[in-house]
Every structure is written in C-alpha cells, then in structure tokens.
Amino acid sequence: MSTRMELASTVVEDAVSPGPSAGLAGSAGSSAIFEIQDLNVYYRDFHAVTDTSLNIYQNEITALIGPSGCGKSTVLRCLNRMNDLIDGARVEGRVTYHGIDLYGSSVDPVEVRRRVGMVFQKPNPFPKSIYENIVFGPRVAGWKGNFDDLVEETLVRAALWDEVKDKLENSAFDLSGGQQQRLCIARAIATSPDVVLMDEPCSALDPIATYRIETLMRELKKQYTIVVVTHNMQQAARVSDRTAFFSVDVGEEGQRTGRLVEYDMTDRVFTAPSMKETEDYITGRFG
Amino acid sequence: MATRTIGSGSTAVTQDMLRRALEGRKVNVINPLVALTLLISLLASLAILVVLLWDVVAKSMPVWQERGWSVITNDLSPRPEETGMVQGIFGSVMLTVVVVILSFPLGVAAAIYLEEYARDTRLTRILVANIRNLAGVPSIVYGLLGLTVFVKLILEGMVGQLSGRTLIAGGMTLSMLVLAIMVITTQEALRAVPMALREASYGVGATPWQTIRHHVLPVASPAIFTGSVLTLARAFGESAPLLLAGAVLSTFFAAPEGTPITSLVMSEKYTALPIIIYNWSRQPQTEYIALTAAAIVALLVILLVVNAGTILARDALERRRIR
Ligand SMILES: Nc1ncnc2c1ncn2[C@@H]1O[C@H](COP(=O)(O)OP(=O)(O)O)[C@@H](O)[C@H]1O
Ligand SMILES: [Mg+2]
C-alpha cells in the first residue's frame, strides 16, 4: 500500500512542474510525461532494443513507426511495465514518468497501469457484457461512484454510446471488430488514465473503422497523452504530432536489434527527414 | 464444343484444360483408404466395448431377475443369495468425497501457482516435470505409500488408532493418486486461456489475483470441472491402492447398527465397489459369477451417469457465460 501512495502523491507534485527537457525532439511548449534514457531491452539473451532515448509529451500523439521486429511494441510496453509479464524480459536504462523512475524498486506496476492504459493490436474485449467491460477497471481500482453514469460518459467519449446504448448487457463479442476496438479504447479510458498506449490499434480493421479510430484519437488527445505504434505510415502522418522512426540492425550472427533512428515533429520526419535511412523508408513505402 | 481461351499469349489455356486441372485426378485412392482405416480402428474399439458390456449385462441378468434391487441395497453377507453391495457403494462415494475435499483445492491451487505466478525458471521446470512423472506412477505404488504413511505411520502410529485401515486412510491414498493428474488437467485448462485476456485485464490495472479470479478462472472453469470429474471417475474405479491401504477383504463385515457417519469414515472398517468386484470374482460358488457381473454393471452405470452429468453441467456452465 505504501508504494501506491508514494507513486500517487509524487505524480501530483511533479505534474505541475515541467520535467527537464532532454531528448531529441525540441519541446513544443508541452511538458514531457515520459523520459526514456538509454533504454535497452532484452528477451533472455536476445537484445531487442538498443540505446533508445526519447521524450513523450503531454497531450500529444506520438507515433512509433518502423519495419516489423524493430522493437516498437517492446518500447511501448516499457511505458506501462507490460513487459513485466514476459518471462525473461529485462529492461535497462531509465524510464521516468513525471520524473519518477518507473522501474524503481518501490513502484507497483499495477498502479502504473491504472495511469497508463493500453489498447492492443487485436481487439481483446473481456468475454463479458459491454457494461462489464467498462466497469471492471474502475471497480478493481476501488472507484466509488455511479457506474451507470461512468459507463455512459466513457462510451460517449469513445464515440460508441449511440451504437451500443440499447445493448449494454449484450456480449462484447456481438460487436463488429471496429466497435470492439473502440470498446477497448473506452475500457482503457474508463479508469481515467493519464496516458493511453496503442499497439497497432487499427491493423485488424477496415478503412472505415480505422478512420473512426483516428478521429477518436484526435479527440482524445485533448485529455490524454497517446503513444501509438503503427506500421501504416499514412496513419502516423495523419494523426501524430511527433514520430519516432525505428530501424533494425542485423548483427554478425544474424541477430536483429532495434534502434531509434530519428525522432522529430511528424511534419519534419515526413517532409524533411534528417536521416537518409528515414527518407529511404518513407519514400520506399510511399512508392 | 466451343473452346473458350483463358489468359492470353503463349500461356493461354482452354477452359477444358483448366477444368481438367481443377478436377484433379479421377481416382484418388489414398484419401478413402486412410479414412477407411481410421473408421475400422474406431469401430474395433467400439466393438470391444460393446462386447464387454453385453457380456456383463447378460451374465448379471439372472441376479436382477431373481433379486431385484436387493442386490444393491443389501449388506454384504457370507450367503450369496442374501449378499448386496450397499456398503461398497457407500464406501466408494465417501472415498470420492474425501478425494474431492483433499485433492481438488490442492490440485487447482498448485496449478494456478505454476501457471499464473511461478516464473519460468529451472526450478519450476523441474517441478512440472516431476508432477508429470508422479502422474505416471502405477497406482499400486500409491497403495504402498498409503499403507506405510497413512495407515501405519499417521493413524496407527501418531493418532494411535487400533487399526488405521479406515476410509479416511483410503481416501487420502486415492487423493495422492489423483493429485498430480488434477494439477496437470488444471494446468492445461489454464494454459488454454488466451494471453490476450490476461493482458487486457492487467492493462486496465488489475492485480494478478483479480485477473485470475475475474477472467482466467471463469474461462477455464468448464475445462477444470470436466477434467476433475473425469479424474475422480478414475479414482472411483481404482482397486489396487485400496487393497493395500486397507479396504476390507472379506465377503462379510458390518458396523454396528446406528454408527454415526463420522466413525464410519474415521475409525470403522470399510470397503469399496471395486473391492467387492475383486472379492466376489475370487469366490468359488457359481452364484458369484452373476453377482460379480451385477457389481460391474453397477460400477459402470454410476460412472456413465456421472460422466454424462458432467458433460451436461459443463455445457450449461458454458452457455451461462457470455461466450
Ligand atoms: N515475448 C518475446 N520473447 C522473445 N522475443 C520477443 C518477444 N517479443 C518480441 N520479441 C522480439 O523482439 C523483437 C522486437 O519485437 P517487437 O517489439 O514486437 O517488434 P515490433 O512491434 O516493432 O514489430 C523482435 O525480434 C521479436 O522477435
Ligand atoms: Mg508490434
């Protein structure tokens, strides 16, 4: 219990003062929520991500792009300690959240995840009713209040309310893929997090559902900070404020290690990238 | 017949050629042959089962006709025309109750620990491998364990009972026997729960226990339930360990009228249905041939009813959950 209180109270103090502005991207006035310094991630002996440093800024959408296997998901999952669930995953370097070391020994990953929510590649609603999907997070966090109001408010914010308001007790699996993914976004914001991490949230969806989610992301960034992994560069260009481009280095024995190549405002990355690698990747994809 | 040309240039094929290619070889021998072989093996095993059933039902027919339900409801007796198997049925049911109470919570808890909490270290792997080994140990070995540990050491030695050959000792022995299988079936049920569900739960800030309690167990419970009942059914038919762990080996025994159920379980002599079958089959009198068959029929009917009930209950459980 003491570690939870500790994390909670320091968050409030530090959120007021902007953190030190390190990182590759110039600050655009908003303050850094996450500071990642010299991050190295290993899966047992496998070195997945090397020496990555970047800052994530408040109320912005940060896109992580790059070829598959370059460690985008790995970096993303360091931000809410989801990697703790993987046996053999090891994180080195420093990841701070509002100035607090996320990997500090007294930090409770459960408390981190209540503040840093997550949306996954494949929609994964709970095999329960739509209503239950929304209230589970707040309930286990000990939230006290009117759950009916919470469900409505959350679904309205996730732009799903009109489609599901008459079938809240139906199984979440009765929804279409796109609706399920928006339900997962609603579930993630139901706990009133600070940040929402999205790992290729549209890769399993059709263009219309994708468009809806992108619109929703733009709406949500007024209240939340969003970090999104995508392999769709048009999507990164359309929705994000900043873009981090990762690439893979192939070592002598064929081991593939992800590395951050360039991190900048999205317009710059897409119109005037400073690295040749970035330009090749972007133009290669755009044809 | 008009030949339509599909495609163009030198690789153009006629519609006929395409049709022939799509239709494949006219006589395909391998597939029907494989299917037939598989069907024959299935029918063979079914046939054996049917013959067995037919044999015992036919052999037991005279007893049911002459004696009716009294074969079931009578106590054991040295006189074959009066004997019955109620003590064995009571013994088997009570043994199963003891096994459920002891091995179900232990087995499920151990499996939850191994699957959901334990890190994948060398120690965990050694543990898991040895649980698999334990599940393969012949039941007679568990009988010996039961005799030395539960009957002799604990009940006669430490508790100081005159005879440790009681139902509770037999129940503990059978619990040992099924524990490893219980752990393995539960582990498999938990492993079948998709990781995405756990991630969804952890992702909204649930603790490991909240995740297990609200998401993993509800999804895994039909499989855990079915696996457990099938495991218990196996224990229900076991005789070897009970022979060693002290089930009564005689054609007659009786506890005094009105003995409370606690002493029947804790301190009196006991027997079980498989033991009665074993016992009766060794008697020289010809009446026992039909009696043995009748006891086998009783055992099979109980097992079939329990298994069918399990399947129905599982389906009901699955339907009640929202997919
Ligand atoms: N659980 C895991 N165990 C072992 N290796 C993993 C695991 N998850 C990812 N990796 C490896 O780490 C590298 C980066 O993976 P990931 O972060 O998923 O890449 P991306 O999301 O950019 O496609 C890949 O080579 C992948 O094979
Ligand atoms: Mg990925």
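Sequence lines set the chain letters: A, B, ... in the order given, protein chains first and strands last, and positions in each chain run from 1.
When all heavy atoms are compared, the tightest approach of B/Q210 to A/F136 is O-CZ, 4.4 Å. In plain terms, the two heavy atoms of A/P127 and B/L197 that are nearest each other are CD-CD1, 3.4 Å. Closest approach of A/R187 to B/A200, counting heavy atoms only: NH2-CB, 3.4 Å. Closest heavy-atom contact between A/R114 and B/V204: CG-O, 4.2 Å.
Atoms CD and NZ, from B/E199 and A/K122 in turn, are 11.5 Å apart once rounded to the nearest 0.5 Å.
The six-membered or imidazole ring of B/H214 lies away from that of A/F126, with a centre-to-centre distance of 6.0 Å or more.
Of the possible polar contacts, one joining the A/N124 side chain to the B/A196 backbone as a donor-acceptor pair under 3.5 Å is found.
At a 4.5 Å heavy-atom cutoff, the contact between B/S201 and chain A is made by backbone and side-chain atoms alike.
Counted within 6.0 Å of CG on B/N133, heavy atoms from surrounding residues, nucleotides or ligands total more than 12; the atom is thus considered enclosed. Applying the 6.0 Å contact sphere to CZ of B/R119 captures more than 12 heavy atoms from other residues, nucleotides or ligands. Applying the 6.0 Å contact sphere to OH of B/Y117 captures more than 12 heavy atoms from other residues, nucleotides or ligands. Around the CZ atom of B/R213, the shell of radius 6.0 Å holds no more than 12 heavy atoms that belong to other residues, nucleotides or ligands.
Looking only at heavy-atom pairs under 4.5 Å with chain B, the residue among A/D84, A/N80, A/L85, A/N133 that has the most is A/L85.
For A/Y131, the ring pair (Phe, Tyr, Trp, His ring centres under 6.0 Å) test picks out no residue, with sequence neighbours left out.
Side-chain atoms of A/I86 and B/M195, non-hydrogen and from C-beta on, never get closer than 4.5 Å to each other.
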